[in-house]
Amino acid sequence: ARDSRAADPRPSPSGAARAFLQTGHRGDVRAVEYDEGRGLLFSAGDDGSLRVWDLASRTLVARIGVGRLPLAAIAVNPTRTQVAVLESDGVRGFAVSAWDWTAGNRLFRVTLAGEPLFLRYSGGGGWLMLGESAWQGLRLLEASDGSPHPFLPEGFGIVGFAEVSRSERTILTYLPSGRLQYRDAASGNLTAELRTAPYLSGLRLSRDRRYAAGSNGSEVLMVDLVSGAIRAKVALPGVRTLDLSPTGDEIACLAPSAAGGLELSRWTLAGDAFLRRPGPTV
């Protein structure tokens with residue numbers, strides 16, 4: 001968002017996206033995350049700052065000066081007042097730092113060899129997870145201090161996405177080759193493996209964790225995480241980013257438009273098909 005504005009996640013009556021607030025960021029806003037449970041919006045960007053907004057009152061809750069590097073991604077802990085950010089110059093400097101956004105203090109900072117494929121907290125909030133382009137591609141860090149979690153399964157491979165059950169006993173991973181693997185978190189043993197669509201990125205989970213939406217570069221797909229089956233898909237080349245509604249029946253996508261710019265579109269899941277919602281786009 002080059003104009004440093006964040007969008008109101010609540011739809012307007014006309015279905016158009018609305019400018020919600022001036023975030024105060026200098027330069028591009030590179031990452032925005034919405035915490036539905038607490039009604040908070042987190043924004044970060046080129047100026048190396050993280051900002052937390054209360055959507056109900058439209059007030060700034062916290063501002064954290066992370067550092068000099070741009071911030072390229074945000075992960076919000078669902079059970080604690082913690083947020084993690086990816087600090088990156090996009091070339092050689094990569095690090096993940098975690099912060100207590102109420103106290104404003106840094107909990108830990110870990111340097112990385114390259115840009116992670118994803119960054120997110122586990123469902124129970126105990127671990128920070130990231131994917132690396134390496135043979136043992138899943139890295140788990142303790143949310144409290146960033147220390148490595150002892151999880152060393154054999155033959156893991158590159159991991160494009162991961163999620164942990166709320167009990168933190170089971171780990172689901174998506175491998176770019178098109179495999180969904182379920183593993184026991186304590187032992188690392190493989191308990192189930194499913195085939196699904198390959199080369200998906202930007203995966204987002206439905207609230208019930210039954211489905212995931214992602215893009216392969218030319219299509220947006222909805223995948224059943226229990227069976228691996230593709231529930232629905234729609235052609236949408238060049239998708240930059242997408243998000244899934246909390247109910248799991250609507251997707252918002254940002255993709256190149258025919259006019260040469262970027263276009264925000266919204267799609268409703270109707271049975272086994274995506275239907276584009278009418279109305280203006282931005």
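- Contact between Leu244 and Ala213 at its shortest, heavy atoms only, is CD1-CB, 4.3 Å.
- Grouping the Ile, Leu, Val, Met, Phe, Trp and Tyr side chains by contacts below 4.5 angstrom, directly or via other members, places Tyr211 with Ile251.
- Although no hydrogens or angles enter the test, the distance criterion places no donor-acceptor pair under 3.5 Å between the side chain of Arg63 and the main chain of Arg51.
- With a 6.0 Å radius and a threshold of 12 heavy atoms from other residues, nucleotides or ligands, Arg38 has its CZ atom above the threshold.
- Screening Ser257, Pro256, Cys253 against Glu263 for a side-chain contact (heavy atoms from CB on, under 4.5 Å) leaves a single residue, Ser257.
- Note on Arg231 versus Asp224: no salt bridge recorded, every NZ/NE/NH1/NH2 to OD/OE distance being 4.0 Å or above.
- Not counting sequence neighbours, Arg195 has no partner by the salt bridge (Lys or Arg N to Asp or Glu O under 4.0 Å) test.
- Minimum interatomic distance between Leu69 and Ser88 (heavy atoms only, all atoms of both residues): CB-N, 4.0 Å.
- Minimum heavy-atom separation, Thr173 to Leu175: OG1-CD1, 3.6 Å.
- Contact record, Gly124 with Thr79: O-OG1, 3.1 Å, taken as the closest heavy-atom pair.
- Remark: Trp101 pairs with Phe42 by the ring-ring contact (aromatic ring centres under 6.0 Å, His included) rule, at least two apart or across chains.
- Side-chain contact check for Leu221 versus Thr196: every heavy-atom pair is 4.5 Å or farther apart.
- When the side chains of ILVMFWY residues are joined at heavy-atom separations under 4.5 Å, either directly or via intervening members, Phe118 and Leu128 end up in two distinct hydrophobic clusters.
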Checklist entry - Stepwise, does the salt bridge (Lys or Arg N to Asp or Glu O under 4.0 Å) test hold for Glu33 with Arg204? => result CA-CA 12 Å; Glu33 286 292 328; Arg204 294 284 190 168; 3.1 Å; yes
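- Using modelled atom types, no side-chain atom of Ser97 and backbone atom of Arg109 make a donor-acceptor pair closer than 3.5 Å.
- Taking each heavy atom of Ala143 and Leu107 in turn, the nearest pair found is O-CD1, 4.3 Å.
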Item to check | Test log, rule side chain to side chain contact (heavy atoms under 4.5 Å, CB included), inputs Gln181 and Val159 | outcome: CA-CA 10 Å; Gln181 294 185 339; Val159 176; over 6 Å; no
Item to check | From CA spacing to verdict: side chain to side chain contact (heavy atoms under 4.5 Å, CB included), Tyr121, Arg80 | outcome: CA-CA 10 Å; Tyr121 279 93; Arg80 309 179 192 182; over 6 Å; no
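- If you chain together hydrophobic residues whose side chains sit under 4.5 Å apart, Val32 and Leu86 never meet in one group.
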Checklist entry - Do Leu71 and Arg30 pass the side chain to side chain contact (heavy atoms under 4.5 Å, CB included) test, and can you show the C-alpha distance, the side-chain angles, and the key distance before you say yes or no? => result CA-CA 7 Å; Leu71 305 182; Arg30 294 186 175 271; over 6 Å; no
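- Val83 and Leu141 fall into different hydrophobic clusters, defined by Ile, Leu, Val, Met, Phe, Trp and Tyr side-chain heavy atoms under 4.5 Å apart, directly or through other members.
- Under the 3.5 Å distance criterion, the side-chain polar atoms of Thr170 are left unmatched by any main-chain donor or acceptor of Ser165.
- When all heavy atoms of Asn216 and Pro198 are compared, the pair lying nearest together is CB-O, 4.2 Å.
- For Tyr174 (side chain) and Leu200 (main-chain N/O), a donor-acceptor pair under 3.5 Å exists by modelled atom type.
- Counting only N and O atoms by type, the side chains of Asn189 and Thr191 include no donor and acceptor under 3.5 Å apart.
- Residues Leu236 and Ser215 are not in side-chain contact: their nearest non-hydrogen atoms beyond the backbone lie 4.5 Å or more apart.
- A donor-acceptor pair is defined here as one N or O able to donate and one able to accept, closer than 3.5 Å; no such pair exists between the side chain of Glu87 and the backbone of Val66.
- Linking Ile, Leu, Val, Met, Phe, Trp and Tyr residues whenever their side-chain heavy atoms come within less than 4.5 Å places Phe161 and Ile230 in a single cluster.
- Legend: salt bridge (Lys or Arg N to Asp or Glu O under 4.0 Å) pairs involving residues 114-124, not counting sequence neighbours, sorted by first then second residue: Arg120-Glu163.
- Under the 3.5 Å distance criterion, the side-chain polar atoms of Arg139 are left unmatched by any main-chain donor or acceptor of Pro148.
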Next on the checklist: Working note: Ile171 + Met129, criterion side chain to side chain contact (heavy atoms under 4.5 Å, CB included); need CA distance, chi angles, decisive distance, verdict.
Outcome noted: CA-CA 11 Å; Ile171 296 179; Met129 308 180 294; 5.6 Å; no
